[in-house]
Amino acid sequence: MTTVIDESTFRQVLSRWPSGVGIVTTAGEEGWHGMTASSFSSVSLAPPLVLVCLDQGIRSHDLLIRNGVFAVNVLGRDHLALGRRFAGMEPGVTDRFAAGDWLPGATGSPVLTDSAAWVDCRVLHRYPGGDHSIFLGEVVAAGVPRITSPLLFHSRSWGQLADPLPDRVDLADTGLTDAVAAPHIARLTHALRRAGVRVRLTSLDGAGTAGAGAAGMSCSSVHVDNASAAVAAAEAGCPAVELTVAPDGTGGEAVHAVRAVNGAGHPDTLVVARIRDALRPGAARAGLLTVQRLAAAGCGEIVLEEPAEGHDDADGASPLALRRLLQDAIPAAGPVPLRLALRDDHGLGLVNALTGMKSGVRCFDTTLGGHGGLLATERLVLLCSRMGVAAPLDIAAVRALRAELGVLRRQPPAAPAPCSPARAAASRGPESQ
């Protein structure tokens, strides 16, 4: 005997399945038409096929039958208002296409020029599906206008990707060798490297590698200025080289360094591109283009830096602005890890670190004691420990290193000890007495 579930329960169950949101459009003798839908799926790669399911009682269903074409425009996280508009949730709207930038696709169906993605299709088959029809579309054109996170639909509400915390974060110390007197660098950097923290050395032959034995270069990086220096560092055995570039959309010298290092036979050398002032207000678009360029060139890591101390915009990145940037930057980087080099101005360092973790960042540049205004390693490790996120250093280890750093931090040269009057007189000799 067949048991039919009641409609209310069925709707509630289906609402628990999260989906993307798209606008299905079509064009024909009656002009353009579009509606918001989430019942969209891929079917086949060869040939390229997709499907959409439409209620048989709505106008869009009949138009797809008559026109024989449709496009599906995948909405990005910033398209909430547009999704609501095409879902008929904005009273008084007579022309849905008055919002957004639309162009006719290959079939004539409207395509959203800033969508997360789109496919333009011919209707290949139509199958019955209860009170819906299943339209099988053959994809004749497709595109990804921009890299952005998607708009989602779940539990009958609109949203974005969830914010899970990472299981673990990776750390790189980029200031220790500038903060500690040369005789002590080797010991402290060796302790950090053994724990899994990458340490940036001041130079290939600097004290950072002295006395570290065969593993002197292990878990280290060196900052270089150009592609030739990057090749020299790779040939010297340094596993990672760092270059700083401007957020100008080109990738600068880092792109040349990747080619040069690979061309010299060192494909395993990690080329780290640091985008200076990437978190500066107003630099988001250029920074995103730079991230895309660096990722396409083959950089192993990309670091987004806050403006340096003394910069006009060096008051700390806004957590909201950082969130928006990362929602686009992480997809733009693809498989290339993004690192954040955060400052701790006005106490925003930890807030931004948490924002970064919840946005998908797993790698951070820090330094013991917060040297130079960078987020302090001990503060980030403490935050991670309180939130169940593993870090290379545990609290006890980082506190011990921090205490030692406080003793060894570079101090101004000591002034000569004052002489007693008798000693001063003696030092002048008999002629001066």
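Heavy-atom basis, side chains included; hydrogens, waters and symmetry copies ignored.
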Chemist: With a 4.5 Å heavy-atom cut-off, do Leu288 and Thr290 have their side chains touching?
Modeler: no
Chemist: With heavy-atom distances below 4.5 Å as the criterion, would you say the side chains of Arg77 and Asp328 are in contact?
Modeler: yes
Chemist: Please identify which of these residues, Leu152, Asp114, Leu80, Val21, meets the side-chain contact (heavy atoms from CB on, under 4.5 Å) condition with Leu75.
Modeler: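 Of all the options given, the one that passes is Val21.
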Chemist: Tell me whether Arg168 at atom CZ has more than 12 heavy atoms from other residues, nucleotides or ligands lying less than 6.0 Å away.
Modeler: yes
Chemist: Test His125 against Phe135 for ring pair (Phe, Tyr, Trp, His ring centres under 6.0 Å), laying out the working first.
Modeler: CA-CA 6 Å; His125 298 290; Phe135 291 88; over 10 Å; no
Chemist: Output every pair passing salt bridge (charged side-chain N to carboxylate O under 4.0 Å, His left out) with a member in residues 376-386, not counting sequence neighbours, ordered by first then second residue.
Modeler: Asp344-Arg379, Glu378-Arg402
Chemist: With sequence neighbours left out, what residues match Trp102 under ring pair (Phe, Tyr, Trp, His ring centres under 6.0 Å)?
Modeler: Phe86, Phe97
Chemist: According to salt bridge (Lys or Arg N to Asp or Glu O under 4.0 Å), who are the partners of Arg122, at least two apart in sequence or on a separate chain?
Modeler: Glu138
Chemist: Suppose we screen for salt bridge (Lys or Arg N to Asp or Glu O under 4.0 Å). Which residues come up paired with Arg84, at least two apart in sequence or across chains?
Modeler: Glu90
Chemist: Could you tell me if the side chain of Leu326 sits less than 4.5 Å from the side chain of Leu304, heavy atoms only?
Modeler: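 Touching, per the 4.5 Å side-chain cut-off.
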Chemist: For Glu235, is the CD atom crowded, meaning more than 12 foreign heavy atoms sit under 6.0 Å from it?
Modeler: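 Yes, the 6.0 Å shell around CD holds more than 12 heavy atoms from other groups.
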Chemist: Does the distance from a Lys or Arg side-chain N to an Asp or Glu carboxylate O, for Asp365 and Arg198, drop under 4.0 Å?
Modeler: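 Looking at Asp365 and Arg198, the cut-off is not met.
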Chemist: Quick one: are Val140 and Thr107 in side-chain contact, heavy atoms under 4.5 Å?
Modeler: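 Yes, side chains in contact.
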Chemist: Under 3.5 Å, is there a donor on one side chain and an acceptor on the other for Arg193 and Ser220?
Modeler: yes
Chemist: State which residues pass salt bridge (Lys or Arg N to Asp or Glu O under 4.0 Å) with Glu305; sequence neighbours excluded, sorted by chain then number.
Modeler: Arg274
Chemist: Would you mind reporting whether Trp32 and Thr25 have side-chain heavy atoms less than 4.5 Å apart?
Modeler: no
Chemist: Taking CG in Asp167 as the centre, count heavy atoms belonging to other residues, nucleotides or ligands within less than 6.0 Å. Is the count above 12?
Modeler: no
Chemist: Do other residues, nucleotides or ligands put more than 12 heavy atoms under 6.0 Å from Leu45 CG?
Modeler: no
Chemist: Arg66: which residues meet the salt bridge (Lys or Arg N to Asp or Glu O under 4.0 Å) condition with it, sequence neighbours left out?
Modeler: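 Scan of Arg66 (salt bridge (Lys or Arg N to Asp or Glu O under 4.0 Å), adjacent residues dropped) gives Glu30.
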